[in-house]
Peer 1: 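Here you go, one structure.
Throughout, protein chains are lettered first and strands after them, A, B, ... in sequence-line order, and every chain is numbered starting at 1. All of these numbers come straight from a predicted model, not from anything done at the bench.
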2 protein chains.
Amino acid sequence: MRIGQLAAASGVTTKAIRFYEKAGVLPAPARQASGYRQYDHGAIERLAFVRAAQAAGLTLRQITDVVSARENSGPPCQHVVDLLEQHAGSLERRIAELTALLAQVRRLGHRATTLDPAQCHPSQVCHVIPPSDGGTPSS
Amino acid sequence: MRIGQLAAASGVTTKAIRFYEKAGVLPAPARQASGYRQYDHGAIERLAFVRAAQAAGLTLRQITDVVSARENSGPPCQHVVDLLEQHAGSLERRIAELTALLAQVRRLGHRATTLDPAQCHPSQVCHVIPPSDGGTPSS
DNA sequence: CTTGACCTTCCCGCGCAGTGGAACGTCTAC
DNA sequence: GTAGACGTTCCACTGCGCGGGAAGGTCAAG
């Protein structure tokens, strides 16, 4: 099948498919005499894996590592398990950061209800957001 | 004071200060005859506001809006309150997304412990991550 | 033969918040 | 007068995941 059919079958644009190939996340397919890419049926499954892994929040870089591990040394299950565990850890940290940030933003919003706009000196931009409160950067 | 002193006093690099000015988040300061930027004391406070607002997770675009509202029509408190409320809402949504994603990743990790690597067909990349499970996209 | 759908490669752009470096001007101390 | 610490501008690059469009080649139908 050609790239257009693969795109239609997988729901991924031809642009994205070529991008994945260039990024190393999909192997370079065979070419027809015309230069057109020629895909076999497995390409649909590989593409489905890429989308599933993306839906799990993995980056293309991480997926590329999984795919090349698979190509070099068989099923990369342990690698994938480690990756998922590590990913779960970073999700937890990120959630904790955002939760702390949410609490901080809520404090500011609440604080605003007790302040008088007239008390806002021109030298400040807005006294609702005070300097150096040690908020967690959202990186 | 010159830009280097402002940088030292505020803990922000000269690069970032010039970047803020170009982005419209800081007003263009006066210039000396040499062309050097000349800052008054209020610049330190404006910069502190920018950093505090960033620590609260606001983007430079949002901060720019607050600053220009301040310049055009006095204390932007209501604007800021609305902004914070809206920001809290998007933080909540983001946290919910990431929490759902974390649950999904945990399910995958757990599932991996019940699978046999030998069962992983070559046509798949890795059977730990199955296709089309309807995971929430992380963006 | 020509039209139109498909394919190829290529580079540019987005949004975000800067950082790095080049090439050059300025000020201060010795 | 010269070293070096500071300042100025501009352009490029980072990571992420593509999308848009140009300029051209290929293939089937009418």
Side-chain angles (χ1 to χ4, degrees), chain A residues 1-26 28-39 43 47 49-67 87 90-91 94 98 101 135-139, chain B residues 1-26 28-39 43 47 49-67 87 90-91 94 97-98 101 135 137-139:
Chain A
M1 71 195 322
R2 288 176 311 178
I3 197 170
Q5 271 106 53
L6 178 58
S10 63
V12 179
T13 65
T14 60
K15 280 284 190 183
I17 294 172
R18 279 188 276 256
F19 176 78
Y20 291 160
E21 178 184 333
K22 200 167 140 201
V25 70
L26 286 183
R31 297 290 183 131
Q32 293 172 346
S34 60
Y36 287 11
R37 287 174 178 81
Q38 178 69 27
Y39 293 97
L47 210 35
F49 172 78
V50 172
R51 294 306 244 190
Q54 278 193 309
L58 300 183
T59 66
L60 282 188
R61 180 76 170 106
Q62 291 172 320
I63 300 170
T64 301
D65 290 348
V66 170
V67 168
H87 185 50
S90 70
L91 281 176
R94 185 74 180 134
L98 291 184
L101 192 55
T136 302
S138 70
S139 79
Chain B
M1 70 194 324
R2 288 177 310 179
I3 197 170
Q5 271 105 54
L6 178 58
S10 62
V12 178
T13 65
T14 61
K15 283 282 192 186
I17 294 171
R18 279 188 276 255
F19 177 77
Y20 291 160
E21 179 184 332
K22 200 167 139 200
V25 70
L26 286 184
R31 298 289 183 132
Q32 293 173 346
S34 60
Y36 287 10
R37 287 172 177 81
Q38 178 70 27
Y39 293 97
L47 209 35
F49 171 78
V50 172
R51 293 308 241 190
Q54 278 192 308
L58 300 183
T59 66
L60 281 188
R61 181 80 172 102
Q62 291 172 321
I63 300 169
T64 302
D65 290 347
V66 171
V67 169
H87 185 49
S90 69
L91 281 176
R94 185 73 180 138
E97 280 175 13
L98 291 184
L101 192 55
S138 71
S139 71

Peer 1: Compare side-chain N and O positions of A:Arg37 against OP1 and OP2 of C:dC6 and report whether any pair is under 4.0 Å apart.
Peer 2: no
Peer 1: Does a salt bridge link A:Arg18 with A:Glu21, judged by any charged N lying under 4.0 Å from a carboxylate O?
Peer 2: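 No salt bridge links A:Arg18 with A:Glu21.
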Peer 1: Using whole Å, what does the distance between atom P of nucleotide D:dC16 and atom CG of A:Asp65 come to?
Peer 2: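 The answer, rounded to whole Å, is 11 Å.
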Peer 1: Starting at atom CD of A:Gln38, determine the distance to atom C1' of C:dC7, rounded to an integer number of angstrom.
Peer 2: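 Distance check: A:Gln38 CD to C:dC7 C1' gives 13 Å.
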Peer 1: Could you tell me the separation between the CG atom of B:Leu47 and the C1' atom of C:dG18, rounded to a whole number of Å?
Peer 2: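 After rounding, the reported distance stands at 14 Å.
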Peer 1: Expected output is a numbered-order residue list: members of residues 12-21 of chain A with a heavy atom under 4.0 Å from any atom of DNA chain C. What is it?
Peer 2: A:Lys15, A:Arg18
Peer 1: Using a 4.5 Å cut-off on heavy atoms from C-beta on, say whether the side chain of A:Tyr20 contacts that of A:Leu47.
Peer 2: yes
Peer 1: Which letters describe nucleotides 25-30 of chain C, given B = protein heavy atom under 4.0 Å from base, S = only from sugar-phosphate, - = neither?
Peer 2: BBS---
Peer 1: Using a cut-off of strictly less than 4.0 Å, decide whether A:Gln54 has a side-chain nitrogen or oxygen near OP1 or OP2 of D:dC18.
Peer 2: yes
Peer 1: With DNA chain C as reference, determine whether B:Arg51 or A:Gly4 sits nearer its 5' end, using the nearest nucleotide of each.
Peer 2: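 Result of the comparison: A:Gly4.
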Peer 1: With a 4.0 Å cutoff (strictly under), does any side-chain N or O of A:Gln5 reach OP1 or OP2 of C:dC6?
Peer 2: no
Peer 1: Measure the distance from CG on A:Leu6 to C1' on C:dT8 and round it to the nearest whole Å.
Peer 2: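 Value for this atom pair: 16 Å.
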Peer 1: Specify the separation, in whole Å, of atom CG of B:Leu26 and atom C1' of C:dG18.
Peer 2: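 About 14 Å, once rounded to whole Å.
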Peer 1: Would you say the side chain of B:Val66 lies within less than 4.5 Å of the side chain of B:Gln62, judging by non-hydrogen atoms?
Peer 2: no
Peer 1: Less than 4.5 Å apart, any side-chain heavy atom of B:Ile3 and any of B:Tyr36?
Peer 2: no
Peer 1: Counting C-beta onward and ignoring hydrogens, is there a side-chain heavy-atom pair between A:Arg37 and A:Arg2 closer than 4.5 Å?
Peer 2: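 Not touching, per the 4.5 Å side-chain cut-off.
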